[in-house]
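Have a look at the structure below, then the notes.
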Amino acid sequence: MTDRNRLFPAPRLILAALVAGVLAGAVAVYVRESGSGNNAPAQQAAVGDSKDDVACAAKSERAKKVAASATGQVAALLPADPPQSLRHLAFNGPDGKPMTIADHAGKTVLLNLWATWCAPCRAEMPALDALQKEKGSNAFEVVAVNVDAGDDVKPKKFLKDTGVQSLGYYRDSTMALFNDLKTRGLALGLPVTMLVDGEGCLIAHMNGPAEWSGPDAQRLVEAALGS
């Protein structure tokens, strides 16, 4: 073997290494952002000293009680520590107009952030759709917010391709919503899901996907509603 061959690998080895590096990098991005899916480590959420945050922080025991009902397929849901106000989280509603969590006052919300490029979201969206169909009411709603950049074409096609029919079409193409939650220590990657009570207080949260269509998720919703 010549010195040149020793110093420079064969082209096919270089190509294989590049492909492996790209795949490893893609996995690393998701792992770094979301820990290990549903087993992502808990982080202390950033909490302000506003009147709303103070009122929400007083709900720590309720948050622990509700999160304790998260078992089985939704057992990775963590109690908010402490609960904080998410009233001002902003995104666009199904009518395309700006809104906030405060516009869902009086309704318990399962807030989920998803994107078309998020592989776990593809499996999770039909489950969220089934939960909305089964438990959606004047007292509860699954609010799944798409955070793709660009127009509505890809997200709407994604929903059609995955058979979603019951979920409202919520959008934030600016990533401001995700970045806000990331700053608070709540969002590590996608998908990320938060249980918010009727006063806009974060009760529990989860990074990574879960099976939201099963009985475990339904029992969690019932516990959150106090039934």
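For Tyr169, the ring-ring contact (aromatic ring centres under 6.0 Å, His included) test picks out no residue, with sequence neighbours left out. With sequence neighbours excluded, the residues forming a ring-ring contact (aromatic ring centres under 6.0 Å, His included) with Trp114 are Phe158, listed by chain and number. Under the rule for a salt bridge (Lys or Arg N to Asp or Glu O under 4.0 Å), Lys154 has no partner lying at least two apart in sequence or in another chain. Under the side-chain contact (heavy atoms from CB on, under 4.5 Å) criterion, Thr108 pairs with Phe140, Leu195, Ala224, Leu225, sequence neighbours left out.
Here the side chains of Glu141 and Leu110 are not in contact, with every heavy-atom distance at 4.5 Å or above. Contact annotation: the side chain of His104 approaches that of Val143 to within less than 4.5 Å [non-hydrogen atoms, C-beta and beyond]. Contact annotation: the side chain of Thr174 never approaches that of Asn179 to less than 4.5 Å [non-hydrogen atoms, C-beta and beyond]. Between Pro191 and Pro120, some side-chain heavy-atom pair lies under the 4.5 Å cut-off. Leu111 places none of its side-chain heavy atoms less than 4.5 Å from the side chain of Leu202. Looking only at side-chain heavy atoms (C-beta outward), Leu181 and Met194 come within less than 4.5 Å of each other. Counting heavy atoms from C-beta on, the side chains of Asp148 and Pro155 come closer than 4.5 Å.
For Ser85 and Asp53, the side-chain atoms include no donor-acceptor pair closer than 3.5 Å.
Among pairs with a residue in residues 124-134, those fulfilling side chain to side chain donor-acceptor pair (under 3.5 Å) read Asn112-Glu124, Glu124-Trp212, at least two apart in sequence or across chains.
Judged purely by atom type and a 3.5 angstrom limit, Asp172 uses its side chain to pair as donor or acceptor with the backbone of Leu177.
The distance from atom CG of Asp180 to atom CG of Leu186, rounded to the nearest 0.5 Å, is 9.0 Å. Rounding to the nearest 0.5 Å gives a distance of 9.0 Å between CG of Leu190 and CG of Asn207. Residue Leu188 holds its CG atom at 9.0 Å from NZ of Lys182, rounded to the nearest 0.5 Å. Asp152 contributes atom CG, which lies 15.0 Å from atom NZ of Lys157 (distance to the nearest 0.5 angstrom). To the nearest 0.5 Å, the span separating NZ on Lys59 from CD on Gln84 amounts to 13.0 Å. Interatomic distance, Leu77 CG to Asp216 CG, rounded to the nearest 0.5 Å: 12.0 Å.
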Show, in sequence, the C-alpha distance, side-chain angles and deciding distance for Met125 and Leu159, and conclude whether the side-chain contact (heavy atoms from CB on, under 4.5 Å) test is met. CA-CA 8 Å; Met125 291 301 291; Leu159 294 177; 3.8 Å; yes
Checking side-chain contact (heavy atoms from CB on, under 4.5 Å) for the pair Val221/Leu131: CA distance, chi angles, key distance, verdict? CA-CA 9 Å; Val221 172; Leu131 179 61; 4.2 Å; yes
Verify side-chain contact (heavy atoms from CB on, under 4.5 Å) between Asp52 and His88, making sure each step is shown before the conclusion. CA-CA 10 Å; Asp52 290 335; His88 301 298; 3.9 Å; yes
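Across Cys56 and Pro83, no two heavy atoms sit closer than the pair O-CB, 3.1 Å. Annotation for Pro126 and Arg122: closest pair CD-O, 3.3 Å, computed over non-hydrogen atoms.
With respect to the salt-bridge test (charged N to carboxylate O, under 4.0 angstrom), the residues Lys64 and Glu61 qualify. Contact check on Lys135 versus Glu222 returns a salt bridge, with a Lys/Arg side-chain nitrogen under 4.0 Å from an Asp/Glu carboxylate oxygen.
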Pairs of donor and acceptor atoms involving the side chains of residues 92-101, under 3.5 Å and at least two apart or interchain, shall be tabulated with distances.
from, atom 1, to, atom 2, distance (Å)
Asp95, OD1, Lys97, N, 3.0
Thr100, OG1, Arg87, O, 3.3
Thr100, OG1, Ala102, N, 3.2

